[in-house]
A.B. asks: 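Dropping a structure here in structure tokens format, bear with me for questions.
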Amino acid sequence: MSDTYYDLSKMEYNLMKYFWNTNAPVSFSEVEKYCNTELHYGWAQPTLHTYLTRLVKKGILHSEGKGYKCKRSYYPELTEQELAHKYATDFVDNTFNGSISDLLVSLTYNTKLSESDIEELKNIINNNTCD
């Protein structure tokens with residue numbers, strides 16, 4: 001299994017965890033300091049800029065300002081929960097043609113569900129039905 005998180009590399013995910021845990025826009029220099037002092041990456045500015053640009057292009061990170069040094073700030077475009085939902089939805093759409101029932105059949109193939117699992121699934125279904 002590869003080292004990916006919601007279709008992000010481990011380094012992209014570590015960057016996003018920093019943004020998710022920060023409740024305000026963060027300057028490029030603050031991100032650089034975090035990466036090099038907390039995560040010990042030893043990145044040059046162009047390397048960090050490349051990672052941040054990838055996250056912006058993926059629609060997960062938002063940036064404002066010009067250049068990439070102190071004049072630019074970054075903050076999450078999506079929460080981690082929103083990204084997880086998007087990733088799961090894309091997976092179901094691309095792998096099971098959008099069918100959650102096909103996903104469940106695949107997940108439970110040759111598996112005996114516990115009573116608590118069955119009750120939990122029933123509650124999910126009952127709470128998501130249309131009136």
Side-chain angles (χ1 to χ4, degrees):
M1 184 170 197
S2 64
D3 246 2
T4 60
Y5 309 82
Y6 312 119
D7 216 17
L8 301 177
S9 71
K10 183 175 183 176
M11 290 185 179
E12 289 172 330
Y13 181 69
N14 285 339
L15 280 170
M16 286 310 303
K17 285 195 309 187
Y18 173 66
F19 291 112
W20 288 322
N21 290 325
T22 305
N23 292 324
V26 182
S27 72
F28 182 89
S29 60
E30 290 173 300
V31 180
E32 180 183 29
K33 181 180 177 184
Y34 172 76
C35 289
N36 292 331
T37 60
E38 299 291 323
L39 299 178
H40 307 287
Y41 286 161
W43 283 348
Q45 289 180 344
T47 302
L48 175 58
H49 182 254
T50 298
Y51 276 101
L52 295 173
T53 300
R54 285 182 192 160
L55 290 167
V56 169
K57 286 182 180 176
K58 290 180 179 185
I60 301 163
L61 189 65
H62 184 82
S63 70
E64 290 181 350
K66 296 185 180 195
Y68 65 84
K69 299 203 179 179
C70 296
K71 297 175 183 155
R72 185 162 287 285
S73 62
Y74 300 87
Y75 56 89
E77 188 73 37
L78 300 174
T79 66
E80 186 170 7
Q81 294 78 16
E82 290 168 333
L83 181 60
H85 177 75
K86 179 185 179 320
Y87 180 77
T89 301
D90 290 348
F91 174 76
V92 171
D93 288 347
N94 295 326
T95 308
F96 299 98
N97 292 320
S99 172
I100 292 177
S101 61
D102 287 351
L103 169 67
L104 289 174
V105 168
S106 177
L107 288 173
T108 59
Y109 180 76
N110 282 340
T111 302
K112 178 99 169 112
L113 293 176
S114 69
E115 286 298 320
S116 64
D117 286 340
I118 292 169
E119 284 305 311
E120 187 173 350
L121 287 171
K122 285 179 183 178
N123 286 334
I124 291 169
I125 291 167
N126 288 335
N127 290 328
N128 284 299
T129 57
C130 298
D131 290 331

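These numbers were taken from a predicted model, which means no experiment stands behind them. Quick note: numbers below take in every heavy atom, side chains included, and nothing from hydrogens, waters or symmetry partners.
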A.B. asks: Got Ser63 and Leu52 here, is their nearest side-chain heavy-atom distance under 4.5 Å?
C.D. replies: no
A.B. asks: Determine which pairs satisfy salt bridge (charged side-chain N to carboxylate O under 4.0 Å, His left out) with at least one residue from residues 20-38, sequence neighbours left out, and list them in order.
C.D. replies: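 Checked against salt bridge (charged side-chain N to carboxylate O under 4.0 Å, His left out) - neighbours excluded - no pair reaches residues 20-38.
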A.B. asks: Would you tabulate the side-chain donor-acceptor contacts of residues 115-122 under 3.5 Å, counting partners in other chains and residues two or more places apart, or write 'none'?
C.D. replies:
unit_1 : atom_1 : unit_2 : atom_2 : d
Ser116 : OG     : Ser114 : OG     : 3.1
Asp117 : OD2    : Ser114 : OG     : 3.3

A.B. asks: Taking only residues two or more places apart in sequence or in another chain, which ones pass side chain to side chain contact (heavy atoms under 4.5 Å, CB included) with Thr53?
C.D. replies: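 Residues passing side chain to side chain contact (heavy atoms under 4.5 Å, CB included) with Thr53: His49, Lys57.
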A.B. asks: Among the clusters formed by ILVMFWY side chains lying less than 4.5 Å apart, do Val56 and Trp43 turn up in the same one?
C.D. replies: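 Yes, Val56 connects to Trp43 through the hydrophobic network.
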A.B. asks: Side-chain heavy atoms nearer than 4.5 Å, only ILVMFWY residues, links allowed to pass through others: does that put Tyr34 and Tyr75 together?
C.D. replies: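 Different clusters: Tyr34 never reaches Tyr75 through Ile, Leu, Val, Met, Phe, Trp or Tyr contacts under 4.5 Å.
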A.B. asks: Could I get the full list of side chain to side chain donor-acceptor pair (under 3.5 Å) partners for Tyr51, not counting sequence neighbours?
C.D. replies: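 Residues passing side chain to side chain donor-acceptor pair (under 3.5 Å) with Tyr51: none at all.
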A.B. asks: Could you list the residues that satisfy salt bridge (charged side-chain N to carboxylate O under 4.0 Å, His left out) with Glu12, not counting sequence neighbours?
C.D. replies: Lys58
A.B. asks: Could you list the residues that satisfy side chain to side chain donor-acceptor pair (under 3.5 Å) with Thr95, not counting sequence neighbours?
C.D. replies: none
A.B. asks: Any donor and acceptor pair, going by atom type alone, linking the side chain of Ser106 with main-chain N or O of Asp102 inside 3.5 Å?
C.D. replies: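 No, Ser106 side chain to Asp102 backbone: no donor-acceptor pair under 3.5 Å.
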A.B. asks: What pairs with His85 under ring pair (Phe, Tyr, Trp, His ring centres under 6.0 Å), at least two apart in sequence or on another chain?
C.D. replies: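 Ring pair (Phe, Tyr, Trp, His ring centres under 6.0 Å) check on His85 returns nothing, list empty.
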A.B. asks: For residues Phe96 and Leu107: do they belong to one hydrophobic cluster (side chain heavy atoms under 4.5 Å, members Ile, Leu, Val, Met, Phe, Trp, Tyr)?
C.D. replies: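 Linked, Phe96 and Leu107 end up in one cluster.
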A.B. asks: Which donor-acceptor pairs under 3.5 Å do the side chains of residues 15-25 make with protein atoms, sequence neighbours left out?
C.D. replies:
unit_1 : atom_1 : unit_2 : atom_2 : d
Trp20  : NE1    : Leu78  : O      : 2.8
Asn21  : ND2    : Lys17  : O      : 3.0
Thr22  : OG1    : Tyr18  : O      : 2.8

A.B. asks: Are Leu8 and Leu55 close enough that some pair of their side-chain heavy atoms sits under 4.5 Å apart?
C.D. replies: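 Yes - at least one pair of side-chain heavy atoms lies under 4.5 Å apart.
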A.B. asks: List the atom of Lys66, the atom of Lys71, and the distance in Å for their closest heavy-atom pair.
C.D. replies: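 Heavy atoms only, the tightest pair is O-CB, 3.3 Å.
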A.B. asks: Linking directly or through intermediates, with side-chain heavy atoms under 4.5 Å: list the remaining ILVMFWY members grouped with Val105, chain and number order.
C.D. replies: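 Its cluster mates, by chain and number: none.
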A.B. asks: Taking side chain to side chain donor-acceptor pair (under 3.5 Å) as the definition, give me every residue that meets it alongside Glu80, ordered by chain and number, with sequence neighbours left out.
C.D. replies: Tyr6, Tyr13
A.B. asks: Any non-hydrogen side-chain atom of Phe91 less than 4.5 Å from a side-chain atom of Leu103?
C.D. replies: yes
A.B. asks: Return the set of residues passing side chain to side chain donor-acceptor pair (under 3.5 Å) with Asp90 (not counting sequence neighbours), or none when no residue passes.
C.D. replies: Lys86
A.B. asks: Which atom names give the shortest non-hydrogen contact between Lys10 and Tyr5, and what distance separates them?
C.D. replies: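 Result for this residue pair: CA-CE1, 3.6 Å.
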A.B. asks: Supply the atom-to-atom distance Asp93 CG to Ile100 CD1, rounded to the nearest 0.5 angstrom.
C.D. replies: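 These two atoms lie 9.0 Å from each other.
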A.B. asks: Please find the pair of heavy atoms, one from Gln45 and one from Phe28, that lie closest to each other, and give the distance.
C.D. replies: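 So the minimum-distance heavy-atom pair works out to O-CZ, 3.5 Å.
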A.B. asks: Scan for ring-ring contact (aromatic ring centres under 6.0 Å, His included) pairs involving residues 97-127, sequence neighbours excluded, and state none if there are none.
C.D. replies: none
A.B. asks: Identify the heavy atoms of Leu48 and Cys35 that sit nearest to each other, and give their distance.
C.D. replies: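 Smallest interatomic distance, heavy atoms only, reads CD1-SG, 4.0 Å.
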